[in-house]
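Below is one structure, written out as structure tokens; comments come after it.
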Amino acid sequence: MKIFLKIFSISVLLIFLILSILVYGFSTDQFNKQIISQIEKRVPNSNADFDKANISLDIFSLNLKIKIEKPLIQIDEQKINLNHLTIFTDLKSSFEEKYLLQKIIINFADNKILDLKKTSFITKVPILDQTKFLEGSANGNLIIDGLQAEEDTIEFKGQMKNVSIDIYEDLPFAKNITGQIEYKNNEVILSDIKGEFGSLKINSKDIKYSVTENNLAGNLNISGPLNSSMNLKKISLNIFDFDIEKINEIGGEISLSSNLDVQFDENYKVKDDKSNFVLETQNLKFKITEDTSYNFDQINSKINFDRKGKVKAEGKFLLNKKSNNFLITKKDNKSDYQVNLKGEINLKETFFKKTDFLIKDDLNYKITTQLKDFENYKIETVFDLKNSEVDLPVFNYVKNKGVDSQLKLSFEKSKKNYKVQKLNFTSLKNQIFVGTIALDKDLKLKDFNNIKIKPGDKNQLEIKKDKKNYNIKGNSL
């Protein structure tokens with residue numbers, strides 16, 4: 001009996017010692033060749049080398065755990081910096097020296113983004129492969145599991161630091177980007193993103209790209225101050241063919257909130273874009289310089305728009321220190337802009353500083369415009385002239401300040417000509433009315449019809465067109 005107890009005790013002790021050694025592990029280079037073979041087999045286009053491996057028993061899965069510190073790894077002929085590599089293999093195959101891998105955990109040290117971009121891990125994810133990274137680094141854990149199953153799973157969780165991206169041609173680089181990056185269930189997830197875009201700040205709670213569904217979704221916010229050092233001359237915008245080089249002395253705050261929902265086809269070209277955006281400005285200002293200067297200031301607005309062409313913009317602004325409101329709407333890409341403006345303006349100071357303009361003082365106005373582009377539009381205006389002097393020396397007529405007066409004008413422009421549909425000036429019993437005036441593209445008179453001139457006591461003239469004839473009557477002009 002004593003011998004049995006002694007043998008039993010020794011056996012238990014040996015088992016305990018063996019388990020302790022397995023749990024805490026031991027280092028050896030005896031199995032390097034077999035381990036390297038399995039790594040290179042399971043990690044595509046890879047080469048591996050290391051000195052020793054720490055072998056232990058994983059008590060949760062009862063698999064053999066092989067941990068390698070600072071291994072030398074190349075993937076697609078690109079050196080990859082690793083902190084450590086952990087391999088799980090089942091006990092049976094380990095005892096048979098086959099080392100059938102169950103799971104691989106690769107702990108990446110900081111690697112340059114441009115180096116990682118050359119590997120097949122990145123090239124297999126088009127949205128990452130096509131991004132124009134300039135600099136920065138990334139680290140994290142890559143887990144390849146189910147290696148003996150019909151289909152393995154790949155997961156990555158890490159972070160990127162100080163990344164710079166070339167977004168588009170001459171736009172400023174997006175730089176100093178940091179955030180979390182995760183790959184799971186065929187989805188790339190970027191979260192807690194922060195960065196810079198010129199003088200603006202970038203932040204995003206999350207952006208997801210589904211590899212199987214070719215869909216990009218998430219949010220992206222850009223906000224901050226604009227400043228006059230921004231080189232807008234290098235930014236090409238094809239909005240109404242406007243020459244952006246005429247804009248200078250920019251200031252104020254803007255914020256752009258983007259809700260992204262983009263569907264790509266099999267060639268990764270945009271198939272459908274349901275993204276929508278909200279652009280807000282706070283105390284925005286700039287100057288447009290042409291023959292004269294236009295100073296826009298305190299532009300506080302909110303603009304909702306999407307990639308289908310839908311637009312709704314409304315806000316307030318000062319033009320040459322005069323207060324104005326605007327509302328701009330557009331249903332879709334096929335429809336025209338509807339532009340509504342109202343406020344206060346001094347036409348002489350704003351547009352005719354170098355000439356003696358007939359309307360002398362500040363006035364209130366309303367303008368409604370149907371705008372296709374700067375070559376095709378229709379305008380209807382109403383000017384309240386009560387607080388302005390109106391001087392018409394050709395008719396020897398002056399309308400004094402304080403006298404009720406109004407000017408209505410309907411105007412249309414196409415690529416071939418200009419047309420005044422209606423011009424009607426009224427002040428008490430005084431009137432100047434023009435039915436239609438047609439001008440060619442060089443502003444030369446082509447035709448007109450009804451005209452009535454009745455300002456003051458000395459002007460009584462009316463012209464009516466009857467087919468090709470003009471009937472003129474009146475007793476003084």
Side-chain angles (χ1 to χ4, degrees), residues 168-169 171 215-222 232 235-244 246-247 254-265 269-282 284 286 288 290 294 296 299-317 319 324-343 345 365-383 408-424 436-441 443:
Y168 181 73
E169 294 183 357
L171 285 174
N215 180 262
L216 176 68
N219 65 85
L220 179 65
N221 304 307
I222 301 174
L232 294 181
I235 301 176
S236 176
L237 295 178
N238 295 318
I239 303 176
F240 306 138
D241 299 321
F242 183 75
D243 186 0
I244 203 165
K246 297 177 181 178
I247 297 179
I254 68 166
S255 66
L256 175 65
S257 299
S258 310
N259 289 313
L260 305 175
D261 186 0
V262 185
Q263 187 68 46
F264 299 91
D265 63 16
K269 294 182 179 179
V270 176
K271 180 180 179 181
D272 188 22
D273 191 344
K274 298 179 181 178
S275 303
N276 57 79
F277 309 86
V278 179
L279 174 65
E280 295 187 68
T281 66
Q282 184 175 2
L284 182 66
F286 58 86
I288 297 178
E290 295 184 296
Y294 307 102
F296 291 85
I299 304 172
N300 296 294
S301 64
K302 184 175 182 179
I303 306 168
N304 294 271
F305 62 99
D306 61 23
R307 300 303 297 271
K308 308 282 188 186
K310 184 178 181 180
V311 176
K312 182 180 180 181
E314 55 187 329
K316 300 178 179 180
F317 66 94
L319 172 57
N324 300 269
N325 299 310
F326 69 88
L327 173 63
I328 303 172
T329 58
K330 190 172 188 283
K331 292 181 179 180
D332 52 45
N333 285 322
K334 295 181 180 180
S335 62
D336 297 338
Y337 286 93
Q338 303 295 324
V339 182
N340 296 282
L341 294 169
K342 65 178 181 179
I345 193 169
Y365 73 92
K366 292 181 181 180
I367 300 177
T368 301
T369 304
Q370 180 180 336
L371 177 67
K372 182 177 182 180
D373 52 46
F374 281 152
E375 293 291 331
N376 300 274
Y377 54 84
K378 297 178 181 179
I379 298 176
E380 292 188 3
T381 65
V382 178
F383 296 109
K408 293 184 178 181
L409 174 65
S410 295
F411 180 80
E412 183 177 342
K413 182 185 182 303
S414 65
K415 290 184 178 181
K416 294 182 179 180
N417 55 47
Y418 299 82
K419 184 179 289 187
V420 177
Q421 297 283 20
K422 182 176 68 175
L423 184 153
N424 190 24
T436 301
I437 298 177
L439 307 170
D440 65 16
K441 62 181 180 180
L443 297 179

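Annotation: the span from N340 atom CG to K342 atom NZ amounts to 9.0 Å, rounded to 0.5 Å. Here CG of N300 is found 6.5 Å from CD of Q282. Values are rounded to the nearest 0.5 Å. Atom NZ of residue K312 and atom OG1 of residue T329 lie 8.5 Å apart, to the nearest 0.5 angstrom. Atom NZ of residue K416 and atom CG of residue D440 lie 12.5 Å apart, to the nearest 0.5 angstrom. The CD atom of Q263 sits 10.5 Å away from atom CG of D273, with the distance rounded to the nearest 0.5 Å. Interatomic distance, CG of L371 versus NZ of K378, reported as 12.5 Å (0.5 Å rounding).
Of the possible donor and acceptor atoms, one in the side chain of N333 sits under 3.5 Å from a partner among the backbone N and O of K308. In this structure a side-chain-to-backbone donor-acceptor pair under 3.5 Å is present from S275 to D261. Side-chain atoms of S410 never come within 3.5 Å of backbone atoms of K422 as a donor-acceptor pair (strictly under, hydrogens ignored). The backbone N or O of V311 sits nowhere less than 3.5 Å from a side-chain atom of D306 that would complete a donor-acceptor pair.
Side-chain contact between V270 and F264 is present, with heavy atoms from C-beta onward closer than 4.5 Å. The shortest side-chain heavy-atom distance between N325 and K316 falls under the 4.5 Å cut-off. Proximity of V278 to E280: side-chain heavy atoms (C-beta onward) are separated by under 4.5 Å at one or more points. For the pair L341/N324, no side-chain contact is recorded, criterion being any heavy-atom separation below 4.5 Å from C-beta on. Contact of the N276 side chain with the N304 side chain is not registered, since no non-hydrogen atoms from C-beta on lie closer than 4.5 Å. Between T369 and Y337 there is no side-chain heavy-atom pair separated by less than 4.5 Å. Using a 4.5 Å cut-off on side-chain heavy atoms (C-beta onward), Q370 and Q338 make contact.
Salt bridge annotation for K413-E375: present, with a cationic side-chain nitrogen under 4.0 angstrom from a carboxylate oxygen.
When every heavy atom of D336 is checked against every heavy atom of K330, the shortest pair comes out as O-CG, 3.9 Å. Nearest heavy-atom pair across S301 and F326 is CB-CZ, 3.6 Å. Shortest non-hydrogen contact noted between T381 and I379 is CG2-CG2, 3.4 Å. Closest non-hydrogen pair, F374 versus Y377, comes out as O-CE2, 3.4 Å.
Under the 30°/60° scheme for interplanar angles, the aromatic rings of F305 and F277 are found to lie parallel. Using bins of under 30°, 30° to 60° and over 60° for the plane-to-plane angle, the ring pair F296/F286 lands in the parallel bin.
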